[in-house]
Amino acid sequence: MSEQVLKSEAGQHNLMDYAKTYNNFDWEEAKKAFSWYETGKVNMAYEAIDRHAETAEKKDQVALYYESPDRKESYTFDQLKKMSNQFANVLKEHGVKKGDRVFMFIPRSPEFYASFFGILKVGAVAGPLFEAFMEQAVKDRLEDSEASVLVTTPELLGRVPENELPKLEKVVLVGEKVEADGRYIDYHAEMKQASEEFDIEWVDLEDGLVLHYTSGSTGKPKGVYHVHHAMIQHYQTGKWVLDLQDDDVYWCTADPGWVTGTSYGIFAPWLNGVTNVVVGGRFSPEAWYGALDRYNVTVWYSAPTAFRKLMSAGKEEIKKHDLSSLRHIMSVGEPLNPEVIHWGMKAFDLRIHDTWWMTETGAQLICNYPTVDIRPGSMGKPIPGVTASIVDDQGNELPPNQMGNLAIKEGWPAMMRKILNRPEKYQSYFVNGWYVSGDSAYRDEDGYFWFQGRVDDVINTSGERVGPFEVESKLIEHEAVAEAGVIGKPHPERGEIVKAFISLNEGYEESDELLEDIRQFVKTGLSAHAAPREVEVSNKIPKTRSGKIMRRLLKARELGLPEGDTSTLEY
Ligand code: 6R9
């Protein structure tokens with residue numbers, strides 16, 4: 001791995017000195033930023049929206065810039081407060097109460113955000129779904145959560161198997177032509193009638209906030225349940241890691257169907273009162289650079305898959321835009337290849353900061369945050385208030401540089417509180433006081449963590465353990481390779497061999513010479529045992545909707561095994 005250290009340029013203020021903070025930071029201190037510290041009454045919607053709408057400075061500040069191919073709108077904190085009050089009134093009118101699950105199967109839109117906060121204001125738990133879900137995926141989630149209300153569009157309603165969902169009482173339809181009757185609620189018509197005043201349902205810190213379903217390798221997706229308490233960490237990492245400052249314009253590219261789209265697309269920015277950009281529609285380099293340019297985005301949070309796409313789109317597109325407002329970039333969801341960081345430095349003159357966390361952890365835990373120098377290829381260090389380590393299967397800590405299970409000491413605010421309906425599954429994450437992530441990593445002598453792969457993806461070839469990420473990162477350094485997914489393929493003598501699936505950059509043709517050249521490139525650049533013995537060109541490397549390469553699926557397909565849960569597969 002790279003020995004290089006990059007100084008970070010963000011984090012001019014807001015950040016307590018890392019060395020001072022790390023050992024004595026207490027989450028109790030962070031609570032004092034909120035008025036509920038004294039009253040005990042809490043609601044995320046109040047802290048994220050209404051609180052700002054009630055101040056002279058923030059009331060008329062743009063909270064949301066929304067752009068999709070056919071709409072361009074902006075909303076102030078005051079407007080979002082009123083719209084979400086209206087939606088809360090609509091829900092209340094239809095009998096929704098504290099603790100009910102209200103799901104959202106609707107594209108990113110202003111209506112989405114008004115509904116989302118309306119749901120929280122009545123004290124219900126919000127369940128955002130990816131709009132691309134097909135019928136089975138929708139059914140599994142609504143069934144498991146026993147959702148009583150669904151917010152969707154007339155177009156998407158066709159993928160909701162209503163007759164198989166006896167608990168689903170009401171469906172709010174957001175659309176132009178809506179046939180409303182007792183069961184179907186016309187969003188626009190009822191919003192028009194609803195009062196802009198609402199008495200927020202104050203809840204307990206430990207009351208439900210949001211439910212995210214996350215796929216395991218087998219079986220049904222798990223309902224990961226988060227509570228209002230998480231806001232402390234969303235707020236605090238918004239300062240430490242996102243480096244948010246009052247006048248920032250922030251853009252998180254993640255869909256709210258993914259935890260990144262709620263924790264860091266909704267909660268962290270708005271708890272910190274910054275202007276938030278939401279871009280709907282499909283990805284294209286032109287649309288994305290255009291959005292950075294048009295809104296003068298200062299802080300940008302995205303994912304390696306998007307950066308890799310921008311990287312292979314080349315320099316021409318980027319030159320057409322003025323990206324000079326940008327001052328801080330972060331990445332999440334997949335390991336951030338050093339090659340991508342180096343591209344970022346050329347393209348934006350900025351370091352891309354990796355951040356590691358999971359749906360289950362609710363918020364960032366291990367990060368390259370601005371006060372920490374970056375070692376490209378490492379995901380950084382634990383944030384203050386978080387203790388991370390590498391443990392063996394019994395939960396014993398391992399020495400530096402040894403690969404093992406990445407684990408976190410229990411007790412950070414944003415931690416999930418349960419897996420819905422599956423207490424034994426929840427318990428299975430904990431070993432000897434550690435939350436065990438299922439990721440494989442090692443820690444170096446200086447406390448930097450280096451991701452290797454999911455534990456199940458680590459390859460054992462001729463007795464050597466190879467992390468797929470290292471091999472993938474080396475592969476994409478080759479000029480012909482755009483993306484790579486690496487798996488272990490069973491082999492009679494070697495246990496497993498390294499097999500790589502790659503997609504090629506434009507202008508390259510598959511040939512035996514090219515593949516051999518790529519193999520040699522990894523062999524000389526990394527090691528002989530890590531060099532893929534088989535390289536297959538595949539222009540569709542399967543990914544989840546959050547941009548993760550599905551190595552498990554590559555492997556199942558390679559070996560002709562059942563594909564397991566593929567509800568989040570993008571292609
Ligand atoms: C937020 C999110 C969690 C899994 C996680 C790991 C992978 C996330 C990463 C990363 C390497 C990073 N992952 N961030 N791997 N470096 N910076 O992604 O949640 O969708 O639940 O996925 O994603 O394998 O365990 P989720």
Side-chain angles (χ1 to χ4, degrees), residues 1 128 130 210-217 221-226 230 233-234 237 241-242 252-268 301-308 329-338 340-341 352-369 372 374-383 388 405-408 414-416 419 429 435-442 448-458 467-470 472-473 485 543-552 565 567-570:
M1 279 285 169
F130 285 108
V210 48
L211 248 179
H212 277 291
Y213 279 82
T214 177
S215 302
S217 41
K222 302 168 281 199
V224 177
Y225 181 87
H226 288 290
Q233 198 171 348
H234 296 142
T237 50
V241 184
L242 276 47
C252 169
T253 59
D255 187 285
W258 180 28
V259 69
T260 305
T262 53
S263 293
Y264 293 96
I266 298 178
F267 303 138
Y301 199 8
S302 195
T305 178
F307 294 128
R308 287 192 297 257
I329 313 178
M330 287 152 296
S331 170
V332 65
E334 272 267 282
L336 181 63
N337 321 89
V340 176
I341 298 185
I352 302 177
H353 297 71
D354 196 11
T355 65
W356 177 90
W357 56 294
M358 308 171 70
T359 304
E360 290 89 334
T361 74
Q364 297 162 333
L365 294 176
I366 299 180
C367 303
N368 283 291
Y369 50 108
V372 176
I374 293 175
R375 297 190 178 175
S378 158
M379 51 206 189
K381 294 185 177 187
I383 60 165
N405 300 303
L406 174 56
I408 314 292
M415 175 59 179
M416 65 172 167
I419 302 276
Y429 283 90
Y435 162 85
V436 179
S437 68
D439 283 352
S440 175
Y442 68 90
Y448 283 84
F449 284 78
W450 301 78
F451 179 88
Q452 300 297 299
R454 291 293 291 167
V455 168
D456 297 341
D457 294 337
V458 171
F469 168 55
E470 267 189 322
E472 290 163 7
S473 281
K543 290 207 206 92
T544 66
R545 307 221 148 261
S546 59
K548 294 185 210 304
I549 294 171
M550 289 182 86
R551 298 175 188 84
R552 144 179 97 70
D565 173 30
S567 57
T568 59
L569 177 67
E570 188 166 11

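Numbers here simply count residues along the sequence, with the first being 1. Both ligands and their constituent atoms are indexed starting at 1 by order of listing.
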A.B. asks: Around atom 26 (P) of ligand 1, find the nearest protein heavy atom and jot down its residue, atom name and distance.
C.D. replies: T359 OG1, 3.4 Å
A.B. asks: Identify, by atom number and element, the atoms of ligand 1 in contact range of T260, meaning under 4.0 Å from any of its heavy atoms.
C.D. replies: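 Result: 1 (C).
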A.B. asks: Measure from atom 11 (C) of ligand 1 to every heavy atom in G261, P335, S331 and give the option owning the shortest one.
C.D. replies: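 Shortest heavy-atom distance from atom 11 (C) of ligand 1: P335.
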A.B. asks: Do W258 and ligand 1 have an N or O pair less than 3.5 Å apart?
C.D. replies: yes
A.B. asks: Keeping H226 on the side-chain end and A414 on the backbone end, is there a donor-acceptor pair under 3.5 Å?
C.D. replies: yes
A.B. asks: Can you sort out which atoms of ligand 1 are near R454, meaning under 4.0 Å from one of its heavy atoms?
C.D. replies: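 Result: 24 (O), 25 (O).
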A.B. asks: Below 4.0 angstrom from a heavy atom of M358, which ligand 1 atoms are there? Numbered from 1 as shown, please.
C.D. replies: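 Within the 4.0 Å cut-off of M358, ligand 1 contributes 3 (C), 5 (C), 19 (O), 21 (O), 25 (O).
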A.B. asks: Could you tell me whether some N/O pair between K548 and ligand 1 is separated by less than 3.5 angstrom?
C.D. replies: yes
A.B. asks: Which residue holds the protein heavy atom closest to atom 7 (C) of ligand 1, what is that atom called, and what is the gap in Å?
C.D. replies: G333 O, 3.3 Å
A.B. asks: Are K548 and E472 ion-paired here, with the side-chain N under 4.0 Å from a carboxylate O?
C.D. replies: no
A.B. asks: Are the ring centres of Y213 and W258 closer than 6.0 Å?
C.D. replies: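 Ring-ring flag for Y213/W258: false, centres at least 6.0 Å apart.
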A.B. asks: Quick one, E334 and R308 - any side-chain contact, counting heavy atoms below 4.5 Å?
C.D. replies: yes
A.B. asks: Give the residue and atom name of whichever protein heavy atom lies nearest to atom 12 (C) of ligand 1, and the separation in Å to one decimal.
C.D. replies: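 Answer, as residue, atom name and distance: E334 O, 3.5 Å.
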A.B. asks: Nearest heavy-atom pair of Q364 and C367: which atoms, and what distance?
C.D. replies: CB-SG, 3.6 Å
A.B. asks: Is it the case that the side chain of N405 and the backbone of A407 share a donor-acceptor pair, with hydrogens and angles ignored and the cut-off at 3.5 Å?
C.D. replies: no
A.B. asks: Below 4.0 Å, non-hydrogen atoms only: which portion of W357 touches ligand 1? Side chain, backbone, both or neither.
C.D. replies: both
A.B. asks: Atoms of ligand 1 less than 4.0 Å from D354 heavy atoms?
C.D. replies: 12 (C), 16 (N), 17 (N)
A.B. asks: With atoms numbered from 1 as shown, which atoms in ligand 1 lie under 4.0 angstrom from a non-hydrogen atom of V332?
C.D. replies: 1 (C), 14 (N)
A.B. asks: Just need the protein heavy atom nearest to atom 9 (C) of ligand 1, so name the residue and atom and give the distance.
C.D. replies: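 Going by distance alone, atom 9 (C) of ligand 1 is nearest to W356 CD1, 3.5 Å.
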A.B. asks: Please indicate whether any nitrogen or oxygen in S546 is less than 3.5 Å from any nitrogen or oxygen in ligand 1.
C.D. replies: no
A.B. asks: For T355, counting its heavy atoms only, list the atoms of ligand 1 lying under 4.0 Å from any of them.
C.D. replies: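 Reading through ligand 1 atom by atom, the close ones are 12 (C), 14 (N), 17 (N).
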A.B. asks: Could you check V332, I374, L336 and say which one makes a side chain to side chain contact (heavy atoms under 4.5 Å, CB included) with D354?
C.D. replies: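 The passing option is L336.
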A.B. asks: Among all the protein's non-hydrogen atoms, which is closest to atom 24 (O) of ligand 1, and how far away is it?
C.D. replies: D439 OD1, 2.9 Å
